[in-house]
Each structure stands twice: as C-alpha cells, then as structure tokens.
Amino acid sequence: MIHIEQREHTTPDGTKIIVLAPTGRLDITTAWQFRLKLQECISKLSRHIVVNLGQVNFIDSSGLTSLVAGMRDADKVKGSFRICNVHPEAKLVFEVTMMDSVFEIFETEEEALEPGPRSVPS
C-alpha cells in the first residue's frame, strides 16, 4: 500500500493543479495504485499534475512506467505533467534511464507550480 498525499493548487489565472506526493517506494507492488490515482486525478479533477517525489526513496521500472503513463494521459488532454523534488536516491534511476530528459523535472514544488511553458533545454 502506498500513501499518496493529494493537494490542490490554483494559479493566479484560475488553473487548477493537482499535487500528488507519494511516500515510500514506487515499485512493482505500489506502481499500479499510483497509476490509478494519476488516471483518476487527470480524468476527474485537473489535466495539470505535479508529482512531488521528495518522499519516494526508491523507484523501479514499473514506477517509471506509471509516471510515463500519467504524462501520456495528461498530454492526451492537453494538460501538463511535472515532477519535482526528486529524492537523491531516486534521481539516479531517472538519469540512468535517460528519463530525466523525457519528464519536466523541477527542483522544488514552487518552481513546478509556476505557470508557463515547459522549459526544456535544447
């Protein structure tokens, strides 16, 4: 079982962003729950999602897959999918798999919540 804190943030222009902060491990035993949570939030609450990974100290391939699926869901509805505050131990997984170039990853939640287009270094 994975604990996922859910918060709502409204930008100055009225855009609703859902912040999800899972705790613990995002692995084969918990990734499906997280995937369902992402689907539910994107389909029912907001197409804009920020995932705060500050409390996730382990991610495996199924955890990454759930994040990719969430990003695709958000893209389908012209939303945004941002990741922030990646735990140092989990950061390596993003770098090794080159996923750090696929996702929009921000240092802090505040930065991830700032409006504006994604700033992907070219």
Side-chain angles (χ1 to χ4, degrees):
M1 186 73 189
I2 187 169
H3 175 74
I4 305 167
E5 184 188 337
Q6 180 178 327
R7 298 189 299 278
E8 206 170 282
H9 175 83
T10 306
T11 63
D13 69 358
T15 305
K16 183 159 74 167
I17 300 172
I18 300 296
V19 178
L20 293 178
T23 299
R25 294 166 66 93
L26 203 50
D27 60 18
I28 193 144
T29 59
T30 58
W32 62 275
Q33 292 171 304
F34 188 60
R35 169 88 187 95
L36 289 174
K37 185 70 167 168
L38 283 170
Q39 271 180 319
E40 180 192 329
C41 288
I42 293 166
S43 65
K44 298 192 175 118
L45 302 172
S46 171
R47 55 200 176 117
H48 301 289
I49 303 286
V50 168
V51 179
N52 185 326
L53 293 178
Q55 298 300 312
V56 174
N57 58 1
F58 180 84
I59 295 182
D60 70 2
S61 58
S62 47
L64 279 178
T65 303
S66 68
L67 289 168
V68 169
M71 180 176 66
R72 288 205 183 117
D73 287 349
D75 279 349
K76 274 185 218 153
V77 293
K78 307 276 186 282
S80 62
F81 188 88
R82 294 175 169 185
I83 294 174
C84 66
N85 201 14
V86 180
H87 192 285
E89 288 172 40
K91 197 171 263 181
L92 189 62
V93 176
F94 284 92
E95 289 164 4
V96 169
T97 56
M98 309 286 273
M99 292 312 256
D100 54 345
S101 60
V102 174
F103 292 110
E104 279 191 272
I105 300 179
F106 296 81
E107 285 298 310
T108 66
E109 190 174 305
E110 290 70 35
E111 286 176 54
L113 288 170
E114 279 173 18
R118 59 178 70 188
S119 51
V120 177
S122 49

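With rounding to the nearest 0.5 angstrom, the CG atom of L113 is 9.5 Å from the OG1 atom of T11. The CE atom of M71 lies 11.5 Å from the CG atom of L38; values are rounded to the nearest 0.5 Å. With values rounded to the nearest 0.5 angstrom, T23 atom OG1 is found 10.5 Å from H87 atom NE2. Atom CZ of residue F34 and atom CG of residue L26 lie 6.0 Å apart, to the nearest 0.5 angstrom. Taking CD1 of I18 as the start and CD of E8 as the end, the distance is 4.5 Å to the nearest 0.5 Å. Between atom CZ of residue R25 and atom OG1 of residue T30 there is a gap of 8.0 Å, rounded to the nearest 0.5 Å.
Proximity of P22 to L53: side-chain heavy atoms (C-beta onward) are separated by under 4.5 Å at one or more points.
When the side chain to side chain contact (heavy atoms under 4.5 Å, CB included) test is applied to N85, the partners found at least two apart in sequence or on another chain are N52.
Within a 6.0 Å radius of CD in Q6, other residues, nucleotides and ligands contribute more than 12 heavy atoms. Applying the 6.0 Å contact sphere to CZ of R7 captures more than 12 heavy atoms from other residues, nucleotides or ligands. Summarising the local packing, CG of L36 is surrounded by more than 12 heavy atoms from other residues, nucleotides or ligands at distances under 6.0 Å.
Linking ILVMFWY residues whenever their side-chain heavy atoms come closer than 4.5 Å, directly or via other members, leaves L20 and F58 in distinct clusters. By the criterion of side-chain heavy atoms lying less than 4.5 angstrom apart, applied directly or through intervening Ile, Leu, Val, Met, Phe, Trp or Tyr residues, V86 is grouped together with I49 in one hydrophobic cluster. A chain of hydrophobic side-chain contacts below 4.5 Å, direct or via other Ile, Leu, Val, Met, Phe, Trp or Tyr residues, connects L67 to I42. By the rule that hydrophobic residues join a cluster once side-chain heavy atoms approach within less than 4.5 Å of another member, V77 and V68 end up as members of one cluster. The hydrophobic cluster containing V19 does not contain F81, counting ILVMFWY residues as joined when their side-chain heavy atoms lie under 4.5 angstrom apart, directly or transitively.
Taking each heavy atom of S66 and A31 in turn, the nearest pair found is CB-O, 3.7 Å. Closest of all the heavy-atom pairs between C84 and A112 is CB-CB, 3.9 Å. Across all non-hydrogen atoms, the minimal contact from Q33 to I4 is O-CD1, 4.5 Å.
The aromatic rings of F94 and F103 lie perpendicular to each other, with more than 60° between the two planes, well past the 30° mark.
Residue pairs meeting the salt bridge (Lys or Arg N to Asp or Glu O under 4.0 Å) criterion with at least one partner in residues 40-52, sequence neighbours excluded, are absent.
A donor-acceptor pair is defined here as one N or O able to donate and one able to accept, closer than 3.5 Å; such a pair exists between the side chain of D60 and the backbone of I28. Checking side-chain atoms of E111 against main-chain N and O of F106 turns up no donor-acceptor pair under 3.5 Å.
Checked against R82 for a salt bridge (charged side-chain N to carboxylate O under 4.0 Å, His left out), the options E109, E104, E114, E107 give a single hit: E104. If you run salt bridge (charged side-chain N to carboxylate O under 4.0 Å, His left out) between D73 and each of K37, R35, K78, only R35 comes through.
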